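We number each residue from 1, following the sequence as shown. Small disclaimer: the values here were computed from a predicted structure and weren't measured. Computed over heavy atoms, backbone and side chain alike; hydrogens, waters and symmetry mates excluded.
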Amino acid sequence: MSWIYLIIAGILEIGWAIGLKYTEGWTKLYPSLITAALMIASFQLLSMALKVLPIGTAYAIWTGIGAVGTAILGMFLFDEPRDLTRVLCILLIVAGIAGLKLTSAP
């Protein structure tokens with residue numbers, strides 16, 4: 001169950017990272033409320049996963065999911081660069097996440 005918590009926490013991290021863009025410096029009420037709620041939920045699920053998973057593994061995977069998802073959504077939502085080097089770097093992060101999962105207990 002801890003891996004499920006961690007994956008959901010990572011997905012929520014993507015949500016709040018993208019949400020930060022829409023808060024416009026926390027000046028927009030509804031995007032700010034949604035972003036704050038996603039942050040709280042993401043941290044809560046991460047903390048639940050940490051009851052079982054090692055901190056180094058869980059934190060790296062949580063931030064990796066967030067980084068990859070945010071980078072990919074940034075390409076589509078905000079027209080960020082989509083060059084080959086950027087995509088290869090994202091794939092390296094994915095490989096690191098997979099490696100950590102494969103070499104971790106629970």
Side-chain angles (χ1 to χ4, degrees):
M1 197 65 183
S2 57
W3 284 104
I4 293 170
Y5 292 150
L6 183 60
I7 291 167
I8 295 169
I11 292 167
L12 293 175
E13 184 189 2
I14 297 166
W16 68 254
I18 294 296
L20 283 173
K21 183 82 169 171
Y22 292 104
T23 68
E24 295 184 25
W26 300 100
T27 61
K28 301 289 184 182
L29 178 62
Y30 292 114
S32 296
L33 292 174
I34 292 167
T35 299
L38 290 171
M39 285 178 167
I40 291 167
S42 180
F43 283 118
Q44 177 63 37
L45 288 168
L46 175 61
S47 71
M48 291 167 62
L50 290 175
K51 290 179 182 178
V52 175
L53 301 175
I55 183 71
T57 300
Y59 185 75
I61 290 174
W62 179 69
T63 58
I65 292 169
V68 168
T70 304
I72 291 170
L73 282 178
M75 291 177 197
F76 292 99
L77 297 175
F78 308 118
D79 202 31
E80 293 177 358
R82 300 175 187 169
D83 56 84
L84 180 62
T85 304
R86 186 175 170 97
V87 172
L88 290 175
C89 289
I90 291 170
L91 290 174
L92 285 172
I93 296 170
V94 172
I97 293 168
L100 285 170
K101 167 62 174 115
L102 292 173
T103 59
S104 293

Handout entry: Set of residues satisfying side chain to side chain donor-acceptor pair (under 3.5 Å) with respect to Thr23, sequence neighbours excluded
Key = none
Practice task
Test the Lys21-Phe78 pair against the cation-pi criterion, namely NZ or CZ under 6.0 angstrom from the six-membered ring centroid and within 45° of the ring axis.
Solution key: yes
Practice task
Give every residue pair that meets the side-chain hydrogen bond (donor to acceptor under 3.5 Å, both in side chains) criterion with at least one member in residues 78-93, sequence neighbours excluded.
Solution key: Glu80-Arg86
Handout entry: Trp26 and Thr35: side chain donor to acceptor below 3.5 Å
Key = no
Problem - Non-hydrogen atoms of Ala58 and Leu6 that approach each other most closely - result: O-CD1, 3.5 Å
Fill in the blank from the handout: Taking every heavy atom of Ala9 against every heavy atom of Leu46, the minimum-distance pair comes out as CB-N, 3.7 Å
Practice task
Would you check, one step at a time, whether the test ring pair (Phe, Tyr, Trp, His ring centres under 6.0 Å) holds for Trp62 with Phe43?
Solution key: CA-CA 10 Å; Trp62 179 69; Phe43 283 118; 5.5 Å; yes
Exercise for the section: Kindly compute the distance separating NZ (Lys101) from OG1 (Thr57), expressed to the nearest 0.5 Å. Expected result: 10.5 Å
Exercise for the section: Hey, could you give me the CG/SG distance between Leu84 and Cys89, rounded to the nearest 0.5 Å? Expected result: 9.5 Å
Fill in the blank from the handout: Distance col, row Tyr5:OH vs Ser47:OG, nearest 0.5 angstrom, shows 10.5 Å
Handout entry: From CD (Glu13) to CD1 (Ile8), nearest 0.5 Å
Key = 14.5 Å
Fill in the blank from the handout: Applying side chain to side chain donor-acceptor pair (under 3.5 Å) to Gln44 and not counting sequence neighbours gives none
Handout entry: Transitive ILVMFWY cluster of Tyr30, excluding itself - 4.5 Å side-chain cut-off
Key = Leu29, Leu33
Practice task
Name all residues meeting the side-chain contact (heavy atoms from CB on, under 4.5 Å) criterion together with Ile14; count only those two or more places apart in sequence or in a different chain, and write none if there are none.
Solution key: Ile18, Ile65, Thr70, Leu73
Exercise for the section: Return the set of residues passing side-chain contact (heavy atoms from CB on, under 4.5 Å) with Thr27 (not counting sequence neighbours), or none when no residue passes. Expected result: Glu24
